[in-house]
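Working notes, structure below.
All values reported here derive from a predicted model rather than from experimental measurement. In listed order, ligands and their atoms are each counted from 1.
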Amino acid sequence: MSFQWNDCNGSFHPDSAVDFLPEEQLRALQLQRLRATVMRAYDNVELMQKRMDDIGIKPDDLRSLDDIRRLPFTQKIDLRDTYPYGLFAVPMSEVVRLHASSGTTGKPIVVGYTHADMETWKNVIVRSLAATGLHRGDILQNAYGYGLFTGGLGLHYGAEALGAAVIPISGGNSDRQIMIMRDFGVTAISCTPSYFIHLIEHGASMGVDLKKLPLRVGVFGAEPWSEEMRCYIQREANIQAFDIYGLSEIIGPGVGIECRCQNGIHIFEDHFLFEILDAETGEPVPDGEEGELVLTTLSKQAMPIIRYRTHDITRVIPTRCDCGRSIRRIARISRRSDDMLIIRGVNVFPSQIEAALLKVEQTLPHYQIIVRRDRDMDDMEIRIEVTADVFSDRVSEIEKIAARLSHAVESTTGIRAKISLVEPHTIQRSEGKAKRVLDLRKLDAPKH
Ligand code: DLL
């Protein structure tokens, strides 16, 4: 196989060769796998067969990748309605792993993996970690939660297969995290970005400066985070921070990751076909424009998923990456369509607010957005931690920072927010996915 590989300084991992497949070969492989996936779903999953029969399409009708648009979408509700195993395409005797995601309401969704699926998962994680420059000999502190969440166990086996020494520490117990990070000579960490910023300050409170440790790579994901947050992390811990993307319904972590160029998430297109669609119309948006990411699995056996509406908003980056990979990139997932807050009729996303806040000096990346309704008027309050020295300044200085923050938020979102500056360590820390928005309007709503 010939390919152009240009991953500055990184050692090349053979599993990554597919990342550099010539475009036509990649598309041919996708089409072949798409047809097999649709066939598998049609033959083995009642709901899929019924949906396809209803619109009169058969697996054999798929002649090109564009024909995917003729297939019906899958939504999270479909996983709930068929709870627990209704979308499985294999008998239970072939399933070797189950994970579940609790979601916010009601029953969890359940996902299953065959032995072959576990191999696929391992493969995409090896390629993910290799893309960040990790290799045999690295020591990875895996602080994603182990358990029903896919983060911990999902990364685990791929990291081992890469040849890294994996510390399966899971999330929480920050004292122990810092001690192990220091004593074990940890070179890489994986966790949510919000937990990592907590670890940075927790280290400081224990007298451990992460900048001085051998730690050099962070593999962060499972929640939205901004470029400003990346700058903060890289500066405060002196590491390179990479964005890893995934979701339980599709496989877990490892749908895509940034390479060392840190300029967009490469999707492992040989295993996952992506579309970017207008969330309202379901039609494709032009290349480079924002839309909803819709994913189809191309090799999953236990639970083939066709055209899954992720609600994650992104855009394709149409140019070829400097690393030489031919698999395409998407921009970081800055928000979910269902994260949107409507405040006084204006649409606002928490990630926009985060980016605006962190641009102002002396702010810390710990904040909370509280939305209330007072006499039919929406009110947004932003509580944000600022460095301790701010509070030793004159009142006028404190007011100046608050005014700068208020201006930054207003010019980005169009909404005037009440800014409350709070001391470091005031806002609750997360060990997994951070919950930054408290929308009290939902609680205040009149009950009928
Ligand atoms: O969060 C899988 C994962 C684990 C990904 C570890 C990365 C690292 P779920 O719990 O099913 O799975 O949540 C999936 O989380 O639809 C996105 O909304 C969000 N998400 C995941 N990765 C990112 C990311 C795991 N890098 C949902 N940036 C997805 C922004 C992300 N959002």
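- Polar contact with ligand 1: absent for Trp225 (N/O pair, distance under 3.5 Å).
- Between His156 and Tyr144, the distance separating the two ring centers is not shorter than 6.0 angstrom.
- Ligand 1 has a nitrogen or oxygen under 3.5 angstrom from a nitrogen or oxygen of Arg336.
- No close placement of the Phe242 and Phe220 rings is indicated, their centers lying 6.0 Å or farther apart.
- Taking all heavy atoms of Ser190, Gly151, Gly246 into account, the minimum distance to atom 21 (C) of ligand 1 is reached by Gly246.
- In summary, the side chains of Asp175 and His202 do present a donor paired with an acceptor at a separation below 3.5 Å, with no hydrogens or angles considered.
- Under a cutoff of 6.0 Å and an axis angle of 45°, Lys300 and Tyr113 form a cation-pi pair.
- Here the protein heavy atom with the shortest distance to atom 22 (N) of ligand 1 is Ala222 N, 3.0 Å.
- With Asp338, Ile333, Ile244 as candidates, the residue nearest to atom 26 (N) of ligand 1 on a non-hydrogen basis is Ile244.
- The closest protein non-hydrogen atom to atom 11 (O) of ligand 1 is Ser248 OG, 2.5 Å.
- At the top of the distance list for atom 1 (O) of ligand 1, counting protein heavy atoms only, stands Lys433 NZ, 2.9 Å.
- Looking only at protein heavy atoms, the nearest one to atom 28 (N) of ligand 1 is Glu223 O, 3.3 Å.
- Counting the atoms of ligand 1 from 1 in the order shown, those under 4.0 Å from a heavy atom of Gly221 are 7 (C), 8 (C), 26 (N).
- Nearest protein heavy-atom neighbour of atom 16 (O) of ligand 1: Asp312 OD2, 2.7 Å.
- Looking at Ile109, Leu247, Ile265 and measuring to atom 12 (O) of ligand 1, the nearest heavy atom belongs to Leu247.
- Side-chain contact annotation: Arg383 with Tyr367, donor-acceptor N/O pair under 3.5 Å absent.
- Here His99 and Trp121 bring their ring centres to under 6.0 angstrom of each other.
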